[in-house]
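Whatever order the structure lists them in is the order used to number ligands and atoms, beginning at 1.
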Amino acid sequence: AKRIETRDLNIFYGDFRAVADVSIDIEPRSVTAFIGPSGCGKSTVLRTLNRMHEVIPGAHVEGQVLLDGDDLYAPEVDPVLVRRQVGMVFQRANPFPTMSIRENVLAGIRLNNRRISKSEADDIVEQNLRGANLWNEVKDRLDAPGSGLSGGQQQRLCIARATAVRPDVLLMDEPCSALDPISTLAIEDLIEELKSDYTIVIVTHNMQQASRVSDRTAFFNIAGTGKPGRLIEYDDTR
Ligand code: ADP
Ligand code: ADP
């Protein structure tokens, strides 16, 4: 787990400044919730923490993002490496539908072209599915497609896929918003457990969820139409 910081982050889509002057400092092994109304820039800030915004045409960033003090935007830094260090879990659980449960866990590692033996792969699959509290539910059908799982199971599978590349930071963009209440609680419990190994940032618009899972809360707001989102409060949750 590593510390992730932003300094005076301003994020633009073309000429539109979506987010203004965001400075946050997120400690290793903690959970920070980004909360605020729709459109205030929560996802926008989250995406800049692993340079995911770079896939959006016209998006650009001023300011700094530091991982244990290292500038993630320095010219020599490889964005692919950044995405390995800072993993992302999306709102809609999106296991690769044609891949088996097993292949889904290994997908990130394969993309990184790491050579692994069959037994190491078995190990990685089991450890990460255990880590995502999914192993007992799927161990007898690892070769079945990931798309056959329930929504909550699919989200845990995506978490296993994200942890398998061994990131330092896990970003989660509304990981529960497509889930029923029981599955939501399972993910919240899992976040609590993952905290001992990762620095976690979760975007949510659910205040109760923020108070259940986070150590610190970053409140964003927008002053009016066309205005950029700003950080209006940044404090310990409890
Ligand atoms: P939130 O996650 O808080 O709902 P977003 O980060 O999605 O907010 O959006 C912040 C602002 O940036 C909004 O005004 C939104 O319309 C705009 N925005 C988000 N994504 C894009 C994009 N790909 N292109 C242009 N504008 C965008
Ligand atoms: P390290 O160099 O950090 O000790 P290794 O690559 O030597 O890590 O692996 C140590 C052990 O962890 C091995 O048993 C290996 O199979 C297992 N392992 C490797 N990668 C992962 C992973 N992504 N998730 C879970 N276990 C892994």
Subject >> Value rounded to 0.5 Å, distance of CE in M207 from OG1 in T237 >> reply: 7.0 Å
**OP:** Taking the side chain as every heavy atom from C-beta outward, state whether T204 and K42 have any atom pair closer than 4.5 Å.
**Re:** no
Original post:
Non-hydrogen atoms of F16 versus ligand 1: any pair closer than 4.0 Å?
Top reply: yes
Original post:
So, do V201 and L46 sit near enough that their side-chain heavy atoms are less than 4.5 Å apart?
Top reply: yes
Subject >> Contact with ligand 1 for P37, non-hydrogen, under 4.0 angstrom >> reply: yes
**OP:** Note the single closest protein heavy atom to atom 9 (O) of ligand 1, along with its residue, its atom name and the distance in Å.
**Re:** T44 OG1, 3.8 Å
Original post:
Would you say H205 touches ligand 1, if touching means a heavy atom closer than 4.0 Å?
Top reply: no
Original post:
Got P28 and K2 here, is their nearest side-chain heavy-atom distance under 4.5 Å?
Top reply: no
Original post:
Which residue and non-hydrogen atom of the protein lie closest to atom 23 (N) of ligand 1, and at what distance in Å?
Top reply: I56 CG2, 3.4 Å
Original post:
For atom 15 (C) of ligand 1, is the nearest protein heavy atom under 4.0 Å away?
Top reply: no
Subject >> Protein residue, atom and distance nearest to atom 1 (P) of ligand 1, heavy-atom basis >> reply: G39 N, 3.5 Å
Subject >> Atom indices of ligand 1, in the order listed, that fall short of 4.0 Å to a heavy atom of R47 >> reply: 20 (N)
**OP:** Give a yes or no on whether a salt bridge exists between D68 and R3, defined as a side-chain N under 4.0 angstrom from a carboxylate O.
**Re:** no
Original post:
Against heavy atoms of A18, which atoms of ligand 1 measure under 4.0 Å?
Top reply: 11 (C), 12 (O)
Original post:
Taking the six-membered ring of Y198, is the NZ or CZ of R166 close enough (under 6.0 Å from the centre) and on axis enough (within 45°)?
Top reply: no
Original post:
Can you find a pair of side-chain heavy atoms, one from I124 and one from R102, that are under 4.5 Å apart?
Top reply: no
Original post:
After noting the C-alpha distance and the side-chain angles of L171 and I202, does the key distance pass the side-chain contact (heavy atoms from CB on, under 4.5 Å) rule?
Top reply: CA-CA 6 Å; L171 309 176; I202 173 174; over 6 Å; no
**OP:** Starting from atom 19 (C) of ligand 1, find the nearest protein heavy-atom neighbour and note its residue, name and distance.
**Re:** Y13 CE1, 3.5 Å
Original post:
Hey, does L170 have a side-chain heavy atom less than 4.5 Å from the side chain of L194?
Top reply: yes
Original post:
For atom 2 (O) of ligand 1, which candidate among S38, G229, S43, G226 holds the nearest heavy atom?
Top reply: S43
Original post:
Can you tell me the protein heavy atom closest to atom 8 (O) of ligand 1 and the distance?
Top reply: G41 N, 3.1 Å
**OP:** Number the atoms of ligand 1 from 1 as they appear, then name those within less than 4.0 Å of a heavy atom of K42, with their elements.
**Re:** 1 (P), 2 (O), 3 (O), 4 (O), 6 (O), 8 (O)
